[in-house]
Number of protein chains: 2
Amino acid sequence: MKVDSSIKQKYSHETEELADFKVGVDNVIFSVDTTYNRVLVLLRKRAEEPFNNYWSLPGTLVRQGESLTDAAYRTLAEKIQVDNLYLEQLYSFGEPGRDPRENPDSFGIRYLSVSYFALVRYEEAKIIAKSDKSTSWYKVDEIPNLAFDHDEILNYGWNRLKNKLQYSPIAFDVLPTEFTLNEVYQLYCTILGEHFSDYSNFRSRLLKLGFLLDTKVKVSRGAGRPASLYKFDSEAFAPLKDKPLLFI
Amino acid sequence: MKVDSSIKQKYSHETEELADFKVGVDNVIFSVDTTYNRVLVLLRKRAEEPFNNYWSLPGTLVRQGESLTDAAYRTLAEKIQVDNLYLEQLYSFGEPGRDPRENPDSFGIRYLSVSYFALVRYEEAKIIAKSDKSTSWYKVDEIPNLAFDHDEILNYGWNRLKNKLQYSPIAFDVLPTEFTLNEVYQLYCTILGEHFSDYSNFRSRLLKLGFLLDTKVKVSRGAGRPASLYKFDSEAFAPLKDKPLLFI
DNA sequence: GCAAAAGTGTTAGCTGTACACCCATGA
DNA sequence: TCATGGGTGTACAGCTAACACTTTTGC
C-alpha cells in the first residue's frame, strides 16, 4: 500500500479527548444441517431500538469483570443449549457511527463490537425457546438485511468458516464422537460446495493424515454396504498442529 | 471443543452492570533490514506508570470521533515516517485485569487493546527522533520483557507475518517499486528462515504466478551477472486475489 | 439378483525438490 | 581468467484428479 507522504497530518486528530466505549460481543454462530445439506446461521429478532424488528447476530454488551470470551459464551448459552462447539475471535468493528445510539454531535459513548465465530453441532443444538420465535436458524444464502453492520460481520465469519475448514480440524468438534467418513465428506461438501473434491480422493487424503481411528464398528444407513465408524485421535493430531496441512 | 454441559451457569455473571472501556490500539510494526538479514520490531520505552521504563509496543488510546484504523495510523505516524506500508488488524485483547490501571475491586474503567500488524520498508522508515532514544528497532529474536501483555501480542503478530507472507503479496508493499528477484528471495529468507526453499525453485514459482513484470533493466550489485529489475503488476494480480495461492 | 452405498485401485498429468549447468560481469 | 552472483534446465518423487472397479449390505 502506498499512502500519502503526510500520513502524520492526515491522521492527526483535532481533539485529544479520549472516546468512551461500551464493548459488545457479536457471535456468528454456524451449524450444518446434514439432513438437508445446508449451512445455517443463528439470528435473533431485535425487540428494541435501534433497528427494532430487524434480525441481528446474537450479541451482548460486556459486563463488569467479564472477559470477552466469557461474554461470547454467555450470549451463546442464552440462545442455544449445546455441548460441542468451536469458538474463536473474528474481528473488531469500531468505526465511529456504526451504532446509531452514538450521538454524532456530542461525542457520547461509542459502541465497539468484538465479533466471534462459532460452529456448533446442529443436531444437539436446542434453541432456548421463547414464546415469540425471536431466535431462529437462517440458511446462509438466504439472510435478510441485518441490523447495524452485521451483514459485514456475517460475511467475514462465513469466509473464516470456509478457510478454517480447509486447514484446521474444526469439523471434528461438531461431528459426533464417532462418525463415518461419508458424514465428514457431507459436512465439507455442504460448506465448501459440491465441487471441492471427489469422495474417494478426499477419503484417502484424510486417512493418510493419520489422525482418524477406525473403530471397526460398522453402521448401516439404509441400503448399501455398512460404513466404518471413525474417531478423531487428538494425540495423533497434536504433532500436526501449527503445521500448514490441508484437509482437502 | 467439549464444554461442560452447563455453560449457561458457568458463564453467567452475577452483576449485570456493563463495563466501561477505554480502547487502545497497539501496533506490532515489523521491518526487514536486508543489509543484515534480520527482522526488526519497533518498540518504545514507556516514560510513565504503569510499567515505567519497560519497553512496549507503540500504542495510543482511541480519541473521540477517531476510527480504530485511524488511531493505528496515527500511532505509526507519531513514531516513524514512512510512505510504503502494509497494515491490518490483528486481534483484540480485553481480559479484565490486563491493565494494572484497572481497579480490581471497584470495577472501574477497563482497557481493551485492539492490536494492529504493520510491515514497513526499513530503508525509508525514519524514526521520528526524540532526544531520549525512547523509540527503537529491536531484533525479533532479542525482545526484552514487554509491558502489559505485549509479549503475547507481539508473538501473535510474528506468527501472522510468517503466515501472511506465504499466501499474500505483502512483501511487494515494502520492497522498492523496482526490485530484483534476489531481493524478494532475501526478504522471504529473512522472515521464514534459510531453509524454506531453494532460490531457483522460488524464482520459477514466483514468475509462473504471472504478476511480476520484467522491466529488462539490469542492475549490477558488485561482481556477478547483473540482475533484472521487476515490478509488481497489481492488475495482473487482481484476479488472483482471494484465491488460495502459495508463494513459496 | 440388483441397486445402493462403502471402499479400493489405476492412470495420466502435474508440482516440488534437489541439483547440475550455463551466462554475464568485475577485478 | 576466475570468482561471483544471475538465471535456466532436468530428472525423479510424490501428489492430484478423474474414474473404473470391487465389496457388502437391504430388498
Side-chain angles (χ1 to χ4, degrees), chain A residues 34-37 165-167 171 175-176 178-190 192-231 240 243-248, chain B residues 34-37 165-167 171 175-176 178-190 192-231 240 243-248:
Chain A
T34 43
T35 313
Y36 294 102
N37 284 341
L165 202 65
Q166 294 178 55
Y167 57 82
L175 282 164
E178 305 199 332
F179 47 82
T180 69
L181 293 180
N182 202 42
E183 285 169 343
V184 187
Y185 181 64
Q186 290 307 323
L187 186 75
Y188 272 79
C189 278
T190 304
L192 299 175
E194 300 286 331
H195 307 297
F196 82 96
S197 172
D198 142 313
Y199 172 63
S200 97
N201 295 325
F202 175 78
R203 182 192 161 81
S204 32
R205 236 171 313 172
L206 201 51
L207 289 178
K208 196 164 33 165
L209 292 170
F211 55 73
L212 294 187
L213 289 178
D214 189 345
T215 65
K216 307 285 185 187
V217 180
K218 309 290 179 186
V219 282
S220 238
R221 314 265 203 247
R225 175 173 174 174
S228 250
L229 285 176
Y230 285 80
K231 288 165 71 169
L240 302 174
K243 294 216 172 149
L245 68 145
L246 274 186
F247 294 150
I248 67 147
Chain B
T34 43
T35 313
Y36 295 102
N37 284 341
L165 202 64
Q166 295 178 54
Y167 57 84
L175 283 164
E178 305 200 331
F179 47 83
T180 68
L181 292 180
N182 202 42
E183 285 168 343
V184 186
Y185 182 64
Q186 290 306 323
L187 186 75
Y188 272 80
C189 279
T190 304
L192 300 176
E194 299 286 332
H195 307 296
F196 81 96
S197 171
D198 145 309
Y199 172 62
S200 96
N201 295 325
F202 175 78
R203 183 192 161 80
S204 33
R205 235 171 313 171
L206 202 51
L207 288 178
K208 195 164 34 160
L209 292 170
F211 56 73
L212 294 187
L213 288 178
D214 188 345
T215 65
K216 308 284 185 188
V217 181
K218 309 289 179 186
V219 283
S220 241
R221 314 264 202 250
R225 175 173 173 176
S228 249
L229 286 176
Y230 285 80
K231 288 165 70 170
L240 302 174
K243 295 216 172 148
L245 67 146
L246 274 185
F247 294 149
I248 67 147

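All values reported here derive from a predicted model rather than from experimental measurement. The sequence lines fix the lettering, A, B, ..., with proteins before strands; numbering per chain opens at 1.
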> Quick one, which residues of residues 198-219 of chain B touch DNA chain C with a heavy atom under 4.0 Å?
Replying inline: Asp198(B), Ser200(B), Asn201(B), Arg205(B)

>> One pair to check against side-chain hydrogen bond (donor to acceptor under 3.5 Å, both in side chains): Thr180(B) and Arg221(B). What are the steps and the verdict?
In response: CA-CA 10 Å; Thr180(B) 68; Arg221(B) 314 264 202 250; 4.6 Å; no

> For Leu229(B) and dG6(D), what is the distance between atoms CG and P respectively, to the nearest whole Å?
Replying inline: 12 Å

> Just how far is it from atom CD of Glu183(A) to atom OH of Tyr188(A), taken to the nearest 0.5 Å?
Replying inline: 14.0 Å

> Any side-chain heavy atom of Thr190(B) sitting closer than 4.5 Å to one from Thr34(B)?
Replying inline: no

> Considering only heavy atoms from C-beta outward, does the side chain of Leu175(B) approach that of Tyr230(B) to under 4.5 Å?
Replying inline: no

>> For Asn182(B) and Gly224(A), find the nucleotide of DNA chain D closest to each by heavy atoms; which residue's nucleotide sits nearer the 5' end?
In response: Asn182(B)

> Stepwise, does the side-chain hydrogen bond (donor to acceptor under 3.5 Å, both in side chains) test hold for Lys216(A) with Ser228(A)?
Replying inline: CA-CA 6 Å; Lys216(A) 307 285 185 187; Ser228(A) 250; over 6 Å; no

> Rounded to the nearest 0.5 Å, what separation is found between the OG atom of Ser204(A) and the CG atom of Asp198(A)?
Replying inline: 8.5 Å

> Is the shortest heavy-atom distance from the side chain of Val184(B) to the side chain of Phe202(B) under 4.5 Å?
Replying inline: yes

> Side-chain contact, heavy-atom cut-off 4.5 Å: Leu165(B) with Phe247(B)?
Replying inline: no

>> Taking any atom closer than 4.0 angstrom to a non-hydrogen atom of chain A, what span of DNA chain C does the protein reach, first nucleotide to last?
In response: dA4(C) to dG9(C)

